[in-house]
Amino acid sequence: MDHMSPRLRAFLSEPIGEKDVAWIAGISRELAINLVTKGFNKAYILLGQFLLMHKNEAEFQKWLICCCGATECEAQESSNCLKEWCSCFL
C-alpha cells in the first residue's frame, strides 16, 4: 500500500457502500459531472460498468475516454482503482 496515493488508499480502506462516483481515484470534478449526467452517480454503478466489461482495463479506459470525456491519465487511474478494489473485496 506504500505506492498508493492517499485517495486510492482511502477508497480501498472500506466497502464501496453508497459513495459518490467522485470518491474513485482518478475521477476529477469535471469527469464526475460527466459521469453523473450519464447516470453513473455512485461508485458502485461505475464498478458495475467495469465488471460488465469483465474487468478489462483497456476496454474500460477506452469507454471512459470516448463516452465520458476522461483524459488518458484519469482513465488509467480510475480503472486501476477499481481493479485494486476488486482485488481487495471480491
Side-chain angles (χ1 to χ4, degrees):
M1 291 255 277
D2 292 341
H3 66 285
M4 294 182 187
S5 70
R7 189 168 172 196
L8 177 57
R9 195 172 301 120
F11 188 75
L12 297 178
S13 69
E14 59 190 22
I16 233 170
E18 292 290 324
K19 292 179 181 165
D20 290 334
V21 73
W23 273 80
I24 298 172
I27 304 292
S28 67
R29 181 176 167 83
E30 182 179 321
L31 179 54
I33 291 168
N34 291 348
L35 287 164
V36 168
T37 301
K38 295 182 181 306
F40 295 89
N41 60 323
K42 298 290 183 179
Y44 70 83
I45 298 172
L46 192 59
L47 172 64
Q49 182 68 27
F50 181 70
L51 294 173
L52 281 172
M53 295 178 163
H54 305 279
K55 298 190 262 184
N56 182 320
E57 290 185 83
E59 185 179 341
F60 182 75
Q61 289 172 18
K62 185 187 295 185
W63 173 80
L64 265 182
I65 292 167
C66 295
C67 298
C68 304
T71 65
E72 206 169 297
C73 183
E74 288 172 327
Q76 288 173 353
E77 193 174 344
S78 58
S79 68
N80 181 61
C81 178
L82 293 173
K83 178 188 77 168
E84 293 288 336
W85 190 91
C86 288
S87 294
C88 292
F89 292 95
L90 296 182

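Reckoned from all heavy atoms, side chains included, excluding hydrogens, waters and symmetry mates.
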Would you tabulate the side-chain donor-acceptor contacts of residues 64-77 under 3.5 Å, counting partners in other chains and residues two or more places apart, or write 'none'?
from, atom 1, to, atom 2, distance (Å)
T71, OG1, E74, N, 3.1
T71, OG1, E74, OE1, 3.4
E74, OE1, T71, N, 2.8
E74, OE2, S28, OG, 2.5

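- Taking the side chain as every heavy atom from C-beta outward, L51 and C86 approach each other to under 4.5 Å.
- Minimum heavy-atom separation, A25 to C81: N-SG, 3.5 Å.
- Side-chain contact between E14 and K19: present, with at least one pair of heavy atoms (C-beta onward) separated by less than 4.5 Å.
- A continuous path of hydrophobic side-chain contacts links L90 to F11 [ILVMFWY only; heavy atoms under 4.5 Å].
- Under the 4.5 Å side-chain heavy-atom criterion for Ile, Leu, Val, Met, Phe, Trp and Tyr, I24 and L52 are members of distinct hydrophobic clusters.
- Applying the ring pair (Phe, Tyr, Trp, His ring centres under 6.0 Å) rule to F50 yields the partners F60; only residues at least two apart in sequence or on another chain are considered.
- Considering OG of S13 and CZ of R9, their distance stands at 10.0 Å, rounded to 0.5 Å.
- To the nearest 0.5 angstrom, W85 atom CH2 is 5.0 Å from I16 atom CD1.
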After noting the C-alpha distance and the side-chain angles of K42 and V21, does the key distance pass the side chain to side chain contact (heavy atoms under 4.5 Å, CB included) rule? CA-CA 5 Å; K42 298 290 183 179; V21 73; over 6 Å; no

Chi angles and distances behind the side chain to side chain contact (heavy atoms under 4.5 Å, CB included) call for I33, E30: CA-CA 5 Å; I33 291 168; E30 182 179 321; 5.7 Å; no

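- Counting heavy-atom neighbours within 6.0 Å of W63 CH2, excluding the residue itself, gives a total above 12.
- The only option from K55, Q61, K62 that meets the side chain to side chain contact (heavy atoms under 4.5 Å, CB included) definition with S79 turns out to be Q61.
- Minimum interatomic distance between I45 and F40 (heavy atoms only, all atoms of both residues): CG2-CD2, 3.5 Å.
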